[in-house]
Amino acid sequence: LGYVVKEDKNYKDAQAKIAEAEEAQIEEDLGEVDEYLSENEYESAINLLNSYKYEYEENEKFQELYQKVNDEVVKYSEAEIQKYFESGEYTEASRFIRNYADYYFSDNEEMVALKTNLADSYADFVIKKAEEQFGSKNYAESAVTIQEAIEVLGEDNEKLNTANEKYSAY
């Protein structure tokens with residue numbers, strides 16, 4: 001392995017070639033991420049992009065691609081959640097967004113907001129279902145419905161905790 005010292009007449013050319021090689025490597029690496037993204041392979045795109053984060057985080061192209069992946073994943077997540085909601089699969093919607101928001105984009109404000117909105121909608125749905133069960137004198141079933149939702153959303157949901165106190169008393 002050789003190197004070119006600053007005093008060498010070829011130093012500027014060597015530095016230019018190094019910069020070209022580094023740029024080509026960035027293009028290749030980020031091209032892989034973009035390819036995954038174009039194929040809607042979001043998890044692969046996110047994982048690969050995150051593996052380059054510390055190496056390229058100051059690079060403008062990396063930052064643009066990071067934002068593009070972020071935007072695409074939020075759009076994809078919203079569409080998937082809508083599908084789950086339309087088919088009444090609230091538990092699956094909650095698990096989906098929790099996985100994406102917590103694992104991939106824990107620092108992303110849009111995903112955190114989406115997760116919060118979903119949790120509120122899911123809690124409202126479950127409480128309504130429990131109220132119907134309770135109204136039909138299915139007291140134990142209404143308590144189980146609430147407790148299952150707490151398992152999905154966690155114990156820090158005030159709406160569900162209040163409902164749990166109400167329905168588990170019977």
Side-chain angles (χ1 to χ4, degrees), residues 1-126 128-129 148-157 159-160:
L1 255 226
Y3 59 93
V4 180
V5 293
K6 260 188 176 177
E7 294 77 25
D8 193 301
K9 66 179 181 177
N10 296 315
Y11 181 77
K12 285 185 181 178
D13 287 339
Q15 292 303 308
K17 289 186 190 286
I18 290 170
E20 282 178 31
E22 287 174 346
E23 189 62 32
Q25 186 63 54
I26 291 170
E27 291 289 329
E28 182 180 327
D29 292 344
L30 298 183
E32 285 182 74
V33 173
D34 210 21
E35 196 172 306
Y36 281 130
L37 191 59
S38 69
E39 295 169 358
N40 299 331
E41 294 182 27
Y42 299 111
E43 290 182 32
S44 297
I46 292 166
N47 288 330
L48 189 56
L49 191 65
N50 284 337
S51 75
Y52 298 138
K53 188 173 186 175
Y54 296 106
E55 187 174 351
Y56 298 142
E57 70 184 336
E58 299 298 320
N59 182 281
E60 187 176 326
K61 290 179 182 175
F62 173 84
Q63 291 173 356
E64 289 171 5
L65 185 57
Y66 192 85
Q67 186 60 48
K68 181 180 176 183
V69 169
N70 181 51
D71 293 346
E72 289 287 321
V73 169
V74 169
K75 188 168 41 173
Y76 164 73
S77 297
E78 288 173 339
E80 286 298 301
I81 290 166
Q82 189 62 38
K83 286 181 199 174
Y84 285 127
F85 265 54
E86 287 172 1
S87 63
E89 298 177 59
Y90 291 89
T91 303
E92 290 306 311
S94 179
R95 285 190 180 115
F96 174 86
I97 195 62
R98 188 173 60 221
N99 288 340
Y100 265 75
D102 290 347
Y103 185 73
Y104 295 110
F105 288 101
S106 60
D107 61 343
N108 179 290
E109 292 176 20
E110 290 175 87
M111 291 297 280
V112 172
L114 198 55
K115 179 183 171 186
T116 301
N117 291 341
L118 176 63
D120 289 344
S121 296
Y122 180 61
D124 291 342
F125 168 79
V126 167
K128 182 178 178 190
K129 183 177 177 181
E148 287 174 352
I150 289 173
E151 287 177 26
V152 171
L153 293 181
E155 296 180 7
D156 59 344
N157 187 294
K159 289 180 182 180
L160 291 177

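Basis for what follows: all heavy atoms, side chains included, without hydrogens, waters or symmetry-related copies.
- Side chains of Val126 and Lys129 form no contact here, defined as non-hydrogen atoms less than 4.5 Å apart.
- Heavy-atom contacts from other residues, nucleotides or ligands closer than 6.0 Å to CD of Glu60 number 12 or fewer.
- For the pair Ile150/Asn157, no side-chain contact is recorded, criterion being any heavy-atom separation below 4.5 Å from C-beta on.
- Between Glu80 and Tyr76, the closest side-chain pair of non-hydrogen atoms falls below 4.5 Å.
- In plain terms, the two heavy atoms of Tyr11 and Val5 that are nearest each other are CD1-O, 3.4 Å.
- For the residue pair Asn10 and Asp8, the shortest heavy atom distance occurs at N-OD1, 2.7 Å.
- Across all their heavy atoms, Lys53 and Phe62 have their closest contact at CA-CZ, 3.5 Å.
- Among all heavy-atom pairs drawn from Lys159 and Asp120, the shortest one is NZ-O, 4.1 Å.
- Taken from CD in Gln25 to OH in Tyr56, the straight-line distance is 5.0 Å, to the nearest 0.5 Å.
- Counting non-hydrogen atoms of neighbouring residues, nucleotides and ligands closer than 6.0 angstrom, the CD atom of Glu39 exceeds 12 such neighbours.
- Nearest heavy atoms, Leu65 versus Asp34: CD1-OD1, 3.7 Å.
- Rounding to the nearest 0.5 Å places CD of Glu27 at 8.5 Å from CG of Asn59.
- Using a 3.5 Å distance cut-off with no hydrogens or angles, the side chains of Glu43 and Asn47 do not pair a donor with an acceptor.
- Under the 30°/60° scheme for interplanar angles, the aromatic rings of Tyr122 and Phe125 are found to lie parallel.
- Here the straight-line distance linking atom NZ of Lys17 with atom CG of Asp13 works out to 6.5 Å at 0.5 Å rounding.
- In this structure, Ser44 OG and Glu32 CD are separated by 11.0 Å, a value rounded to the nearest 0.5 Å.
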From CA spacing to verdict: salt bridge (charged side-chain N to carboxylate O under 4.0 Å, His left out), Glu72, Lys75
CA-CA 5 Å; Glu72 289 287 321; Lys75 188 168 41 173; 3.7 Å; yes
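- Ion pairing of Lys61 with Glu64 is absent here, as no side-chain N (NZ or NE/NH1/NH2) approaches a carboxylate O to less than 4.0 Å.
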